[in-house]
Amino acid sequence: MRKNLIINLSLALLLVLTFTVSTMAAEYTINAGIGLNDKSAQYKSLEFFKELVEKNSDGQIEVNLYHSSQLGDDREMMEALQMGVQEMTCPSTAPIAPFVNGFKVFDLPFLFPTHEAADYVLDGPVGQDLLKQLEDVGIVGLAFWENGYRQLTNSVRPVETPEDVKGLKIRTMENPMHLAAWKEMGANPTPMAFGELFSAMQQGVVDGQENPWGTIYLQNFFEVQDYTTNTGHVYSPFVLMISKQFYDKLPSDLQDVVYEAAQKAKDHNRRTNRAMNAEYLEKLKDVMNVTILTPEQKAAFQEAVQPVYDQFKDEIGADLVEEVQAQVKEFQAQ
Ligand code: KDG
């Protein structure tokens, strides 16, 4: 009888303890949404970020991840961050331009000759100053992650010269410079949110699009696109960003946990993304007609889109464009 009582009491205590622990929900929740799917390097790095934040905050912050535009497209998610109804997202720089004009500079075609030159500029004063400017629109820019060099795909013909692009209906990100670059090559560009892209290609609303190899493979674009070319016309950075309303509410030690995790996850992201883009180019060779341009052929694309610099220099800010170009040169001279 006594033994039973002790067992029952212990069980009751265990139940109370389990209940207390399970209802001791984290004090803060970060809902993070992206457009790419859960196989992407971007999602893998968010998983890495989540693990770090939850561990280093001793469970005070929980991170929920959403992929494949489940929470909306890049623009909608940035607006949700501004309103404080979503905490985190990670868009390409192209759709950030309507929020902070200076971000346009990074979508100039053929701006960054190598990944390392991009890292140098993005992690240097120009990149960090632009991240800071996001605060004026209610967003905290934590770090530049990487989308990567964008490559053309289409369902009509192999593309070896800018002339081959003529007349193709190409989906672009919602950014005037991407539109202008494809117009210079005689294409028929249409801006569209990423979440609508696959069915637009499937239904023939557009003939082609441009994205890094990892995206082309992992989003199954090869199922609806036969041809791809290593145009590498733009290096597309990602920006990991958090709602300022949310960040300001965090005690400073937890702000540090989030900031530090974002930096560590940045390194994880660049490493993973570069390895994946190289690996998926090889896999694409089995399922698509892949054109690898010679340096001379690539130079023809660079020349064709050069007018975009003159067209947008004043709009972006001539000083900013020149500063970025000077830093690229500075890096190359090292
Ligand atoms: O998760 C990021 C995507 O939403 C988007 O930025 C991907 O490069 C992209 C595109 O083409 O829209």
Worked check of side-chain contact (heavy atoms from CB on, under 4.5 Å) between Q225 and M288: CA-CA 8 Å; Q225 299 275 276; M288 287 182 95; 3.8 Å; yes
Verdict with reasoning, R75 to E79, per salt bridge (charged side-chain N to carboxylate O under 4.0 Å, His left out): CA-CA 6 Å; R75 186 182 40 78; E79 285 167 359; 3.5 Å; yes
Worked verdict on D267 versus Q263 for side-chain hydrogen bond (donor to acceptor under 3.5 Å, both in side chains): CA-CA 7 Å; D267 297 334; Q263 308 316 308; over 6 Å; no
Check against side-chain contact (heavy atoms from CB on, under 4.5 Å), T228 and F221: CA-CA 10 Å; T228 186; F221 288 175; over 6 Å; no
Check against side-chain contact (heavy atoms from CB on, under 4.5 Å), N230 and T291: CA-CA 7 Å; N230 69 332; T291 300; 5.7 Å; no
side-chain contact (heavy atoms from CB on, under 4.5 Å) between I316 and M177, intermediate numbers included: CA-CA 10 Å; I316 299 168; M177 282 176 348; 3.6 Å; yes
Test log, rule side-chain hydrogen bond (donor to acceptor under 3.5 Å, both in side chains), inputs N269 and E146: CA-CA 7 Å; N269 176 256; E146 176 176 285; over 6 Å; no
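Residue V324 comes nearest to F112 through the heavy atom pair CG1-CE2, 4.1 Å, listed as atom of the first residue, atom of the second, then distance. The heavy-atom pair separating I170 from A187 by the smallest distance is CG1-CB, 4.0 Å. For P109 against V234, the heavy-atom pair with the smallest separation is CA-CG2, 4.1 Å. The two residues D314 and A318 have their closest heavy-atom pair at OD1-CB, 4.4 Å. The two residues P162 and A300 have their closest heavy-atom pair at CG-O, 3.6 Å. Here the closest non-hydrogen pair linking L293 and T231 is CD1-CA, 4.3 Å.
Cluster annotation: F222 and I292 are assigned to the same hydrophobic cluster (Ile/Leu/Val/Met/Phe/Trp/Tyr, side-chain heavy-atom contacts under 4.5 Å, transitive). At a threshold of 4.5 Å between side-chain heavy atoms, the hydrophobic network of Ile, Leu, Val, Met, Phe, Trp and Tyr places L36 and L284 in one connected group. L320 is connected to V137 through a chain of hydrophobic side-chain contacts under 4.5 Å among Ile, Leu, Val, Met, Phe, Trp and Tyr, so both are in one cluster. Residues V100 and L108 share a hydrophobic cluster, clusters being chains of Ile/Leu/Val/Met/Phe/Trp/Tyr side chains in contact below 4.5 Å. Criterion: ILVMFWY side-chain heavy atoms under 4.5 Å apart, direct or through other members. Under it, W145 and F103 are not part of a common hydrophobic cluster.
With rounding to the nearest 0.5 Å, the separation of CG in L111 from CD in Q325 is 6.5 Å. Here the CE atom belonging to M77 is positioned 3.5 Å from the OG1 atom belonging to T89, to the nearest 0.5 angstrom. Interatomic distance, Q42 CD to T272 OG1, rounded to the nearest 0.5 Å: 12.0 Å. Separating the CD atom in E210 from the OG1 atom in T229 is a distance of 12.5 Å, to the nearest 0.5 Å. In this structure, CG on L131 lies 8.5 Å from CG on L122, to the nearest 0.5 angstrom. Note: D310 CG to Q306 CD = 8.0 Å, rounded to the nearest 0.5 Å.
E54 contributes a side-chain N or O that, together with a main-chain N or O of V63, makes up a donor-acceptor pair within less than 3.5 Å. Of the possible donor and acceptor atoms, one in the side chain of Q86 sits under 3.5 Å from a partner among the backbone N and O of M88. In this structure, R157 contributes its side chain and D164 its backbone to a donor-acceptor pair below 3.5 Å. N175 places a side-chain N or O within donor-acceptor distance of the main-chain N or O of A94, the cut-off being under 3.5 Å. Within the 3.5 Å criterion, the main-chain N or O of N289 finds no donor-acceptor partner in the side chain of D226. Although no hydrogens or angles enter the test, the distance criterion places a donor-acceptor pair under 3.5 Å between the side chain of Q245 and the main chain of Q82. Looking at Y66, its side chain never comes within 3.5 Å of a backbone N or O of G72 through a donor-acceptor pair. S57 places a side-chain N or O within donor-acceptor distance of the main-chain N or O of V53, the cut-off being under 3.5 Å. N277 places a side-chain N or O within donor-acceptor distance of the main-chain N or O of G214, the cut-off being under 3.5 Å. Of the possible polar contacts, none joining the Q202 side chain to the E223 backbone as a donor-acceptor pair under 3.5 Å is found.
When side chains are defined from C-beta on, V258 counts as touching Y247, because their heavy atoms get closer than 4.5 Å. Put simply, the side chain of L134 does not reach to within 4.5 Å of the side chain of V140, judged on heavy atoms. No side-chain heavy atom of Y235 sits less than 4.5 Å from a side-chain heavy atom of F110. Put simply, the side chain of V308 reaches to within 4.5 Å of the side chain of E184, judged on heavy atoms. Side-chain contact check for I216 versus Q209: some heavy-atom pair is nearer than 4.5 Å. Counting heavy atoms from C-beta on, the side chains of L81 and I242 never come closer than 4.5 Å. Considering only heavy atoms from C-beta on, M241 comes within 4.5 Å of I96 through its side chain. When side chains are defined from C-beta on, N154 counts as touching V159, because their heavy atoms get closer than 4.5 Å.
Taking 4.0 Å as the cut-off between side-chain N and carboxylate O, K50 and E62 do not count as a salt-bridged pair. One finds no salt bridge joining R171 and E196 here, because no Lys/Arg side-chain nitrogen approaches an Asp/Glu carboxylate oxygen to under 4.0 Å. Between D119 and R274, at least one side-chain nitrogen of the basic residue sits less than 4.0 Å from a carboxylate oxygen of the acidic one, meeting the salt-bridge criterion. Checked for salt-bridge contact, E51 and K55 miss the test: no charged N lies under 4.0 Å from a carboxylate O. In summary, R270 and D123 engage in a salt bridge, as defined by a charged side-chain N under 4.0 Å from a carboxylate O.
D107 and T93 form a side-chain donor-acceptor contact under 3.5 Å, judged by distance and modelled atom types alone. E330 and Y120 form a side-chain donor-acceptor contact under 3.5 Å, judged by distance and modelled atom types alone. Side chains of S68 and N37: a donor-acceptor N/O pair is absent below 3.5 angstrom, by distance only.
In K132, the NZ atom is not crowded: 12 or fewer heavy atoms of neighbouring residues, nucleotides or ligands sit closer than 6.0 Å. Crowding of Y309 atom OH: a count of heavy atoms from other residues, nucleotides or ligands under 6.0 Å exceeding 12. Within a 6.0 Å radius of CD in E303, other residues, nucleotides and ligands contribute 12 heavy atoms or fewer.
In this structure, Y28 and F246 have perpendicular ring planes: the angle between them is above 60°, well past the 30° mark.
The six-membered or imidazole ring of F238 lies away from that of F144, with a centre-to-centre distance of 6.0 Å or more. No close placement of the Y149 and H233 rings is indicated, their centers lying 6.0 Å or farther apart.
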